[in-house]
Amino acid sequence: MNPLFADLPTTIFETMSSLAREHQAINLGQGFPDDPGPEDVRRKAAEATLHGYNQYPSMMGTAELRDAIAAHYGRFHALSIDPQRETLVTSGATEALSAAILAMVRPGDEVVLFQPVYDSYLPMVRLAGGIPRLVTLKPPHWQFTAADLDAVFTDRTRVVILNTPLNPTGTVLPRASLELLATYCMRFDAVCISDEVWEHVVFDGHEHVPMMTIPGMRERTVKIGSAGKIFSLTGWKVGLVVAAPDLLRVVSKAHQFLTFTTPPNLQAAVAFGLAKPDAYFADMRAAFQRSRDRLTQGLQALGFDVIPSQGTYFLNIDIAPLGETDDFAFCKRLVVDHGVAAIPVSAFYDENPVRNVVRLCFSKNDATLDAGLGRLARALGK
Ligand code: PMP
Ligand code: GLN
């Protein structure tokens with residue numbers, strides 16, 4: 001068997017959600033909302049299932065959804081996108097990432113990544129024969145500098161994989177950092193695979209800047225989005241890819257033998273959803289921001305050291321002040337003994353992990369957050 005997969009552990013999300021079920025824990029681990037998601041979007045999927053076309057759509061996605069993707073990013077980021085030549089629909093951002101990595105990375109190519117790194121990237125880079133070159137981001141700011149980039153970019157660098165807003169840190173990369181990274185992509189002639197699944201989930205007026213909008217990057221960026229995140233329907237697995245025709249053509253060749261296509265009923269609903277008025281997106285953000293604040297304040301009242309979250313469904317706590325040195329052991333105790341599931345952030349590191357940071361998901365209703373806080377209080381003996 002392929003040792004790459006034979007030796008891989010099950011993902012931390014599956015592991016922690018299984019433990020949460022086993023121990024009837026409040027699950028603040030894997031990122032999914034309590035809220036069932038917008039009813040009109042779900043109704044659209046139901047109608048499309050009952051009355052629509054349910055056979056194979058085009059492998060590129062339905063024309064309706066591809067038009068909607070172009071219009072959506074035109075509206076929010078003033079991007080001018082040709083739906084026919086520059087958009088692709090995949091079965092989740094996970095598939096889009098795999099297709100993009102398999103399409104862009106040749107054996108022996110060096111790939112720049114930032115750790116903490118989302119769990120699917122490295123196995124796919126290695127499957128493609130790529131050689132990872134990691135920039136390590138450290139709490140509480142999780143930023144990189146020109147010196148960090150100097151240390152990893154070489155003449156063999158072909159691809160950079162970026163994630164902003166960043167899961168698990170909850171940080172939104174400022175424009176200046178994107179501009180800095182863009183200068184390296186151009187100098188070393190690298191393509192950027194830009195995982196922007198959290199693009200709409202940003203708080204406190206932080207602005208999500210798509211890498212593709214940075215001067216010089218329009219032709220060398222593969223932009224990846226996820227309807228699951230945009231509509232709080234994480235089980236839907238509808239991925240949105242935008243790239244210049246030369247890049248998209250090759251990504252679609254990988255996609256055609258990963259899944260080929262994506263359920264047409266969900267595509268119809270996502271096309272409808274992408275055209276929702278700006279207020280929907282603003283209200284969604286405001287609701288998650290309220291939940292973030294509720295969990296942050298509750299944790300601070302218990303004495304936890306909260307690392308502020310600027311976006312995503314996640315905030316982090318620093319467990320070093322509690323005398324804890326092993327985030328895995330801490331999370332294991334928390335779920336087994338105290339009934340709260342969380343994610344150890346060292347799971348997102350390939351080398352020299354940070355071991356004092358734990359990720360908590362706040363995309364929950366107030367009752368769930370309060371129950372989680374109650375159990376954390378008992379865990380601290382309060
Ligand atoms: N990338 C990042 C950074 C994510 O956080 C997630 C899901 N949480 C994905 C990709 C996968 O998205 P999807 O469920 O659409 O496959
Ligand atoms: N991305 C989600 C998270 O960070 C989980 C996705 C998954 O379970 N694969 O929680």
Side-chain angles (χ1 to χ4, degrees), residues 8-21 27-34 37 61 65 69 88-101 113-125 137 142 161-173 192-202 208 210-211 222-241 255 258-259 262-263 266-267 269-270 273-274 288 309-316 331 341-349 357-364:
L8 265 189
T10 300
T11 82
I12 190 67
F13 309 119
E14 181 76 14
T15 303
M16 278 299 165
S17 283
S18 300
L19 281 172
R21 279 189 289 272
N27 191 353
L28 305 183
Q30 193 178 30
F32 57 89
D34 274 349
L65 178 51
I69 294 168
L88 169 70
V89 179
T90 58
S91 292
T94 309
E95 196 233 331
L97 285 157
S98 298
I101 291 167
L113 304 105
F114 299 83
Q115 59 168 8
V117 59
Y118 187 66
D119 64 348
S120 78
Y121 303 172
L122 281 170
M124 297 315 293
V125 166
L137 307 179
W142 314 98
I161 308 181
L162 178 71
N163 174 213
T164 183
L166 179 60
N167 176 11
T169 65
T171 42
V172 179
L173 266 190
C192 180
I193 299 174
S194 190
D195 177 347
E196 301 176 13
V197 303
W198 298 103
E199 57 197 338
H200 279 293
V201 191
V202 291
H208 168 66
M211 186 52 144
V222 179
K223 180 184 191 311
I224 294 176
S226 168
K229 301 299 185 303
I230 299 177
F231 301 109
S232 314
L233 296 162
T234 59
W236 271 23
K237 307 300 287 189
V238 179
L240 318 174
V241 183
H255 156 74
L258 287 172
T259 59
T262 299
L266 299 184
Q267 293 197 48
V270 171
L274 289 176
F288 285 130
S309 163
Q310 304 169 338
T312 75
Y313 296 160
F314 312 112
L315 59 75
N316 289 281
C331 287
I343 301 287
V345 165
S346 65
F348 297 80
Y349 283 76
V357 180
V358 167
R359 192 192 84 173
L360 294 165
C361 174
F362 54 74
S363 61
K364 305 293 175 187

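All ligand and atom numbering here is 1-based and tracks the order in the structure. Note that the structure is predicted; figures quoted are calculated from it, not measured.
Atom 5 (O) of ligand 1 has as its closest protein heavy atom Asn167 ND2, 2.8 Å. At the shortest separation from atom 12 (O) of ligand 1 among protein heavy atoms lies Ala93 CB, 3.5 Å.
If you take CE on Met16 and CD on Gln30, they are separated by 11.5 Å, rounding to the nearest 0.5 Å. How far CG of Leu274 is from CZ of Phe231: 4.5 Å, rounded to the nearest 0.5 Å. Atoms CD and NZ, on Glu199 and Lys229 in that order, are 11.5 Å from each other to the nearest 0.5 Å. For the atom pair CG of Leu233 and CG of Leu266, the computed distance is 9.0 Å after rounding to the nearest 0.5 Å. Here Ser194 contributes atom OG and Lys223 contributes atom NZ; the two are 7.0 Å apart, rounded to the nearest 0.5 Å.
With a 4.0 Å heavy-atom cut-off, ligand 1 is reached by the backbone of Thr94 and by its side chain too.
Classified by interplanar angle (parallel below 30°, tilted 30° to 60°, perpendicular above 60°), the ring pair Tyr313/Phe288 is tilted.
Residue-ligand proximity: Trp236 is placed with every non-hydrogen atom at 4.0 Å or more from ligand 1. Using a 4.0 Å heavy-atom cutoff, Lys229 is listed among the residues neighbouring ligand 1.
In terms of N/O distances under 3.5 Å, ligand 1 is not approached by Tyr121.
Under 4.0 Å from any atom of ligand 2, one finds heavy atoms of residues Phe13, Gln30, Gly31, Tyr118, Asn167, Phe314, Arg359.
Exactly one of Leu113, Ile224, Asp195 qualifies for a side chain to side chain contact (heavy atoms under 4.5 Å, CB included) with Asn163. That residue is Asp195.
In the vicinity of Asn163, heavy-atom distances shorter than 4.0 Å reach the ligand 1 atoms 3 (C).
Distances from atom 1 (N) of ligand 1 to the heavy atoms of Val238, Val197, Asp195, Leu233 put Asp195 nearest. Between Lys237, Gln30, Glu196, Glu95, it is Lys237 that holds the heavy atom closest to atom 13 (P) of ligand 1.
Side-chain contact between Thr259 and Thr90 is absent, with no heavy-atom pair separated by less than 4.5 Å. Looking only at side-chain heavy atoms (C-beta outward), Thr169 and Pro116 come within less than 4.5 Å of each other.
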